[in-house]
Protein chains: 2
Amino acid sequence: MRHFINHTEENYLKAIFSLSQTSNQGVSTNAIAKSLNTKASSVTDMMKKLAEKGLVSYKKYYGVQLTDSGQLIALNTIRKHRLWEVFLVDKLSFNWDEVHDIAEQLEHIQSSELTNRLDIFLGNPKFDPHGDPIPNSHGEIENYHDTLLLSEIETGTFCTLVGVADSSSVFLKHLEKSQLKLGSEIRLINVFEYDRSLSIEVANIQRSISNRVADNLIVKPL
Amino acid sequence: MRHFINHTEENYLKAIFSLSQTSNQGVSTNAIAKSLNTKASSVTDMMKKLAEKGLVSYKKYYGVQLTDSGQLIALNTIRKHRLWEVFLVDKLSFNWDEVHDIAEQLEHIQSSELTNRLDIFLGNPKFDPHGDPIPNSHGEIENYHDTLLLSEIETGTFCTLVGVADSSSVFLKHLEKSQLKLGSEIRLINVFEYDRSLSIEVANIQRSISNRVADNLIVKPL
DNA sequence: TATATTTTTTAGATTAGCCTAAAAATTTAT
DNA sequence: ATAAATTTTTAGGCTAATCTAAAAAATATA
């Protein structure tokens with residue numbers, strides 16, 4: 001007997017999943033509140049509810065962790081989100097910076113039949129338009145290995161841009177102005193000590209990017 | 001300055017629109033309640049809200065009518081519903097009896113850009129998989145003319161099945177068992193007085209259908 | 001270790017959408 | 001035209017998800 005999961009709960013589970021990726025500690029109430037633009041007291045209420053449904057394990061004052069079934073739901077929501085993003089870009093010709101908000105709505109459509117048929121229709125894509133891996137229907141996610149942030153690689157290294165850590169429209173539009181897109185080959189020329197800004201070469205042209213940008217570029221050294 | 005319209009309100013507006021198609025009177029509270037599986041008192045509450053937003057004109061005890069802006073929203077919701085149904089059948093290979101519930105969810109996605117791009121992607125279809133006309137982005141709907149219910153035509157007439165008045169899965173599955181689908185050519189052979197059941201010929205085969213079925217088949221005489 | 005700060009939880013309200021039961025208005029029937 | 005039946009509205013509650021403000025617990029600091 002499965003509980004019915006709604007829109008709001010899916011958003012909480014997704015947020016907890018994302019936050020638990022960085023550290024392997026329990027996720028704090030405040031962190032969830034910040035990520036969902038809500039208040040800590042609302043989060044506490046919801047954690048109690050999700051704990052009762054067996055989707056998170058929650059110990060007062062010590063944060064939460066997803067249970068296996070909670071994680072499965074989170075991954076399924078992420079799967080739907082990313083598949084819809086592929087649909088919007090590949091089939092409806094949206095730009096990669098325009099799809100996030102629409103996918104936030106589409107990810108809550110309930111029908112596994114729909115999701116699986118969409119997956120097939122799109123040709124079982126492995127990555128979304130921002131380079132994020134798409135979980136399969138069992139919640140298995142192909143983590144990209146050997147990737148780093150551009151800010152972490154050594155001077156002189158050649159690498160390929162395989163993903164972005166920030167999918168916001170402003171950031172993506174900014175990238176386009178620097179001729180950066182998924183697949184771009186980048187060579188790190190230099191990092192300036194003063195402000196940690198970087199000098200890179202893309203398509204034979206030398207450019208300068210801020211450390212803030214470099215922190216959001218996921219690259220694979222060649 | 002446009003009010004934000006949510007899921008629930010869209011459903012009410014759509015129901016009022018459908019109900020006001022049959023008669024040109026105001027739509028009654030009870031009729032709306034029945035159509036949405038809710039209670040009359042809930043409908044009254046919502047009518048006050050929609051009236052305040054200028055989407056219906058409501059006079060206590062005398063039912064409601066959509067205003068122009070209310071009708072535009074209803075038609076836009078119907079547009080989205082029917083476009084998604086086309087998507088599900090044409091692109092994802094769903095059967096026509098499987099798409100209603102999924103489209104009920106998809107119709108509430110908010111993005112006119114999405115709707116219009118979907119329309120283009122689908123090749124600007126004029127009818128959905130059940131033969132219902134799809135409104136354009138201005139809420140203009142191409143009513144099919146010269147159509148009747150199969151129960152209304154004269155014995156001996158040849159006609160084409162162009163639509164169904166009931167899109168429920170049970171009904172559509174039932175039709176398939178009688179080899180009836182959109183575009184089928186039908187000749188009305190006889191109507192039995194006893195139970196108003198009909199004898200028809202489809203694809204050179206003679207079949208018998210109930211008056212209940214005939215009341216739900218929209219046909220165009222040849 | 002005691003105190004100050006921060007984080008989290010609790011308590012009590014609010015809003016949207018729904019409900020039941022009772023009251024009011026309208027419609028139908030005698 | 002009056003009574004009966006039906007429809008609609010009002011009144012008062014409920015739940016989910018949110019909020020603010022206060023209390024409690026944990027963590028950091030002196």
Side-chain angles (χ1 to χ4, degrees), chain A residues 2-16 19-20 22-23 25-66 70 73-74 77 104-105 107-108 110, chain B residues 2-16 19-20 22-23 25-66 70 73-74 77 104-105 107-108 110:
Chain A
R2 304 180 50 211
H3 285 280
F4 181 74
I5 307 300
N6 71 19
H7 193 112
T8 314
E9 292 164 346
E10 277 187 348
N11 281 337
Y12 272 94
L13 293 173
K14 207 169 53 127
I16 296 166
L19 293 167
S20 61
T22 37
S23 87
Q25 301 288 313
V27 177
S28 82
T29 304
N30 262 354
I32 298 169
K34 195 170 290 177
S35 138
L36 291 174
N37 268 298
T38 182
K39 302 290 154 151
S41 54
S42 308
V43 175
T44 302
D45 284 352
M46 183 59 82
M47 290 315 103
K48 288 178 181 165
K49 189 181 167 194
L50 294 178
E52 260 179 28
K53 287 191 170 191
L55 301 172
V56 299
S57 60
Y58 169 58
K59 197 178 153 219
K60 266 192 194 177
Y61 293 103
Y62 292 93
V64 284
Q65 281 190 299
L66 292 178
I73 293 168
T77 307
E104 285 286 300
Q105 300 180 61
E107 76 189 5
H108 300 297
Q110 307 268 6
Chain B
R2 307 180 48 210
H3 284 281
F4 181 73
I5 308 300
N6 70 18
H7 195 112
T8 315
E9 292 164 346
E10 277 187 348
N11 281 336
Y12 271 95
L13 294 172
K14 207 170 53 128
I16 297 166
L19 292 167
S20 60
T22 38
S23 87
Q25 302 286 313
V27 177
S28 82
T29 303
N30 261 354
I32 298 168
K34 195 170 290 175
S35 137
L36 291 174
N37 269 300
T38 181
K39 302 290 153 153
S41 54
S42 307
V43 175
T44 301
D45 284 352
M46 184 57 84
M47 290 313 104
K48 288 179 182 165
K49 189 181 167 194
L50 294 177
E52 260 178 29
K53 287 191 171 192
L55 301 172
V56 300
S57 60
Y58 168 58
K59 199 179 152 221
K60 266 190 193 176
Y61 292 102
Y62 293 92
V64 284
Q65 283 189 299
L66 292 178
I73 293 168
T77 308
E104 286 286 299
Q105 299 179 62
E107 74 189 6
H108 300 297
Q110 307 269 8

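Side chains included, hydrogens not; waters and symmetry mates left out as well; all remaining heavy atoms used. Here is the naming used below: chain letters follow the sequence lines, and residue numbers restart at 1 for every chain.
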Please identify each residue that fulfils side-chain contact (heavy atoms from CB on, under 4.5 Å) with [X], with sequence neighbours left out.
X       : answer
B:Thr44 : B:Thr29, B:Lys48, B:Tyr58
A:Lys59 : A:Tyr62
B:Lys34 : none
A:Ser28 : A:Asn30, A:Ala31

Compare side-chain N and O positions of [X] against OP1 and OP2 of [N] and report whether any pair is under 4.0 Å apart.
X       : N      : value
B:Tyr12 : C:dC18 : yes
A:Asn30 : C:dT8  : yes
B:Tyr62 : C:dT26 : yes

Scanning both residues in full, the closest heavy-atom pair of B:Lys39 with B:Ala33 reads C-CB, 3.8 Å

Closest heavy-atom contact between A:Ile16 and A:Val27? O-CG2, 3.8 Å

Within residues 33-47 of chain A: residues closer than 4.0 Å to DNA chain C (heavy atoms): A:Ala40, A:Ser41, A:Thr44

Tell me the bend of the helix from C:dT1-D:dA30 to C:dT30-D:dA1 as the angle between end helix axes, each from five pairs, rounded to the nearest 10 degrees. 0°

Check the distance between [N]'s [atom2] and [X]'s [atom1] and give it to me in whole angstrom.
X       : N      : atom1 : atom2 : result
B:His7  : C:dA16 : NE2   : C1'   : 13 Å
A:Tyr58 : C:dT10 : OH    : C1'   : 10 Å
B:Ile5  : C:dA16 : CD1   : C1'   : 14 Å

Most 5' of A:Lys60 and A:Lys49 on DNA chain D, judged by nearest nucleotide: A:Lys49

Without placing hydrogens or testing angles, list every side-chain donor-acceptor pair under 3.5 Å for residues 5-15 of chain B, not counting sequence neighbours.
from, atom 1, to, atom 2, distance (Å)
B:Asn6, OD1, B:Thr8, N, 3.1
B:Asn6, OD1, B:Glu9, N, 2.9
B:Glu9, OE1, B:Asn6, N, 3.0
B:Glu9, OE1, B:Lys53, NZ, 3.1
B:Glu9, OE2, B:Lys49, NZ, 2.8
B:Glu9, OE2, B:Lys53, NZ, 3.0
B:Glu10, OE1, B:His108, ND1, 2.6
B:Glu10, OE2, B:Lys80, NZ, 3.4
B:Asn11, OD1, B:His108, NE2, 3.1
B:Lys14, NZ, B:Glu104, OE2, 3.0
B:Lys14, NZ, B:Glu107, OE1, 3.1
B:Lys14, NZ, B:Glu107, OE2, 3.0

Going 5' to 3' on DNA chain D, which nucleotide is the first and which the last to come under 4.0 Å of a heavy atom in chain B? D:dT7 to D:dT10

Do B:Leu50 and B:Val64 make a side-chain contact, defined as non-hydrogen atoms from C-beta onward lying under 4.5 Å apart? no

Could you check whether any side-chain heavy atom of B:Thr38 comes within less than 4.5 Å of a side-chain heavy atom of B:Met46, counting everything from C-beta outward? no

